[in-house]
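Worksheet: the structure to be examined is printed underneath.
Order of the sequence lines fixes the chain letters, A, B, ..., with proteins taken first and strands second; residue numbering starts at 1 for each chain.
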2 protein chains.
Amino acid sequence: MYNRRVSIADLAQQLNVATSTVSRALSDHSDVSEATKGRVRQLAEKLNYRPNHLASGLRKGRSGTLGVLVPHLTGHFFPEVLHTITTEATKAGWHVMICESNEDEHQERKNLDLLLNAQVEGVLVSLASSTRDFGHFEAVRQQVPLVFFDRVPEDPSFSAVVLDDYRGAYQMTAHLIEQGRTRIAYFTGPLHVSVFHHRLRGYREALLAHGLPFEAQLVHESDLSVQAGRQGMAQLLTLSQRPDAVLTAKDVAAVGARQVLEAQGLGVPDEVALASFSNARFTELAAPGLTSVDQQCAALGRAALRLLLEQVRAAGRPVAPCHLLLAPRLLLRESSQRPLHLRKVG
Amino acid sequence: MYNRRVSIADLAQQLNVATSTVSRALSDHSDVSEATKGRVRQLAEKLNYRPNHLASGLRKGRSGTLGVLVPHLTGHFFPEVLHTITTEATKAGWHVMICESNEDEHQERKNLDLLLNAQVEGVLVSLASSTRDFGHFEAVRQQVPLVFFDRVPEDPSFSAVVLDDYRGAYQMTAHLIEQGRTRIAYFTGPLHVSVFHHRLRGYREALLAHGLPFEAQLVHESDLSVQAGRQGMAQLLTLSQRPDAVLTAKDVAAVGARQVLEAQGLGVPDEVALASFSNARFTELAAPGLTSVDQQCAALGRAALRLLLEQVRAAGRPVAPCHLLLAPRLLLRESSQRPLHLRKVG
DNA sequence: ATGAAAGCGCTAACAG
DNA sequence: CTGTTAGCGCTTTCAT
């Protein structure tokens with residue numbers, strides 16, 4: 001039914017040369033005559049020969065494969081990052097194995113096992129939100145280079161690439177203040193996740209730096225779902241003095257907030273400004289366009305891969321853990337910009 | 001720097017048994033004593049032994065890996081399908097290699113090579129939109145089982161799983177007609193892509209079956225981007241008699257259409273009803289919610305994987321090509337439902 | 001219940 | 001320039 005796969009030995013036999021010659025010819029080794037190379041390549045082509053990656057990997061002690069472990073494939077961010085990683089890695093001659101932890105620490109463990117068994121030569125990880133214990137990563141880094149991105153552990157001995165969330169939140173908060181907002185609410189995700197931790201800090205420090213108070217009642221912690229966004233917004237509207245701006249640590253929560261505002265007849269941005277993190281499709285599709293902190297997926301993916309490959313190429317020589325902070329970029333759209341006639345002049 | 005990987009030979013040596021015994025113990029072979037199994041497992045655990053997937057694959061002539069090739073990882077549909085596929089495949093003990101063709105026939109070719117070289121035992125494919133020639137798939141199916149999903153070739157000799165796009169379009173068009181719409185415009189994608197071809201047929205036949213004319217001027221072919229949606233809508237509004245409903249073959253195009261309608265002060269659904277295909281996040285997040293034909297990602301992924309594994313397990317025995325049509329499901333939301341006071345009674 | 005030995009397909013010394 | 005040979009880590013007869 002299926003064709004038997006043709007091996008180097010088959011080619012060698014048909015050409016009356018040694019397997020080693022064929023092997024060398026196929027890898028364009030310098031000390032094979034052009035004539036032989038030609039004959040080998042031609043026959044390989046004709047018989048549709050394909051190198052057995054398992055065999056060469058086994059022999060060379062190199063799988064030529066990298067592992068990537070992400071919490072999930074849905075949404076905007078991870079697919080975008082993965083796209084960059086696979087494209088670049090493939091270009092550099094690597095295979096990539098992608099795993100999903102489904103935000104679950106236990107599946108994260110199992111997937112790491114899977115990757116190590118597949119003999120990956122390096123691993124890129126973005127943490128599951130439920131992960132509290134990092135023992136499984138200790139084991140990994142004793143085997144292969146390991147680089148985290150976006151969702152990274154606090155432990156600075158791990159290499160990591162992240163957006164500068166602190167600065168992103170700081171700058172966005174500052175932007176809202178510059179638009180004349182003085183009561184800025186903030187929707188955060190679980191604070192044990194590093195990104196959310198840093199964003200909250202940025203928010204707070206921007207307030208303080210501009211002489212505004214940090215009020216606990218204006219901060220709402222949740223899973224940042226649409227649902228949570230609605231709840232948070234509804235709660236804020238019960239305050240005696242309602243906020244005039246809302247910053248959410250994730251875009252979908254902003255959608256929920258907006259729904260509530262709309263239902264209450266409160267205009268965006270006139271009465272309440274809205275801003276968030278991430279740059280999913282709908283932040284630009286929504287009307288009015290949602291101001292947000294761009295996640296720079298491509299830059300992040302590229303940086304993480306570059307860092308990993310550096311460590312892989314270091315081939316065992318000790319490498320100091322490296323931390324990359326990507327500068328954030330604000331995408332200012334209508335949802336946060338005070339209409340001209342309402343702006344303070346000067 | 002990195003720990004040397006421990007092999008079966010290492011375990012065997014430390015336990016003073018043969019490698020074959022260790023191998024058998026680890027795979028829980030029936031004729032190894034429980035005592036030995038215990039000792040082996042304990043040491044394996046202690047030394048953090050991990051089976052070398054390359055070596056066992058080479059020896060067994062089985063890689064335990066499946067390949068999946070999709071046009072891209074962005075959007076809603078493919079990530080969702082991939083999630084199902086990887087989850088289910090992993091559960092069944094398979095590795096999964098994911099590749100992106102970036103909608104490009106040439107990259108599709110290269111990725112198939114990559115997968116075959118990795119010795120995958122089966123391949124799931126959703127076609128790049130630029131693919132016209134299917135020679136490369138001929139080569140693939142001579143090596144391993146091959147199943148297409150969603151974007152499939154016309155050639156019926158290939159196994160394929162698709163949503164019943166014809167019925168989806170038919171039912172959705174019928175739904176719009178039942179809501180009292182009589183001039184229903186349709187935005188289609190490139191017609192050489194099978195899904196778009198079938199959807200157009202469904203649209204047309206639903207019209208005819210309900211005694212409505214099929215008018216070429218109401219059909220707009222494009223790449224279905226937001227941009228294209230805007231253009232198409234703008235063009236429709238120049239007609240002497242504007243449509244009272246628009247069906248788009250992809251959700252983002254509907255977003256573009258809606259933007260134009262809004263700008264022109266035309267209400268959705270009051271003046272123009274809107275419906276589309278796919279069930280991306282924003283179809284439900286948008287206000288009013290966008291009526292659409294659900295893509296049933298999970299069902300599709302599961303069916304495709306099941307079909308592939310059947311063929312893989314058939315292990316060379318000839319398998320007749322199989323075609324699965326998944327029944328569509330309409331998600332009726334506000335954008336298509338005529339407000340009560342305007343509906344025909346009866 | 002365990003061991004000895006061969007071999008999956010490939011590459012890399014080493015020899016010529 | 002080409003061939004011979006050994007071996008990567010594992011599984012699987014075939015013996016015992």
Within the 4.0 Å heavy-atom criterion, would you say B:Ser23 contacts the bases, only the backbone, or no part of the nucleic acid? base
Does OP1 or OP2 of C:dT2 have a side-chain N or O of B:Ser33 closer than 4.0 Å? yes
B:Asp10 near the nucleic acid: base, sugar-phosphate alone, or nothing, with a heavy-atom cut-off under 4.0 Å? nothing
What I want to find out is whether A:Asp104 reaches A:Lys110 closely enough, with some N-O distance under 4.0 Å, to be called a salt bridge. no
With the side chain defined as heavy atoms from C-beta on, A:Ala18 is closest, among C:dA12, D:dT4, D:dG9, to D:dT4
B:Glu105 and B:Arg132 ion-paired at < 4.0 Å: no
Nearest-Å distance, NZ (A:Lys60) to P (C:dA12)? 6 Å
So what does A:Thr36 touch, heavy atoms closer than 4.0 Å: a base, only the sugar-phosphate, or nothing? sugar-phosphate
So, B:Arg4 and B:Asp10, do they make that salt bridge, N to O below 4.0 Å? yes
Looking at C:dA4, does its base get a donor-acceptor pair with the side chain of B:Ser20 below 3.5 Å? yes
Taking atom types as they are modelled, is there a donor-acceptor pair under 3.5 Å from the base of C:dG3 to the side chain of B:Arg24? yes
B:Arg313 to B:Trp94 six-membered ring, cation-pi geometry met (6.0 Å, 45°): no
In whole angstroms, the gap separating C1' of C:dC10 from CG of A:Leu11 amounts to 12 Å
Let's see if you can work this out: which of C:dG3, D:dT5, D:dG9 has an atom nearest to the side-chain heavy atoms of A:Thr19? D:dT5
For the side chain of B:Leu58, starting at C-beta, report the closest nucleotide among C:dT2, C:dC8, D:dG3. C:dC8
What is the distance, to the nearest angstrom, from the CG atom on A:Asp31 to the C1' atom on C:dA12? 12 Å
Looking only at D:dC10, C:dG3, D:dT2, the nucleotide nearest the B:Asn52 side chain is D:dC10
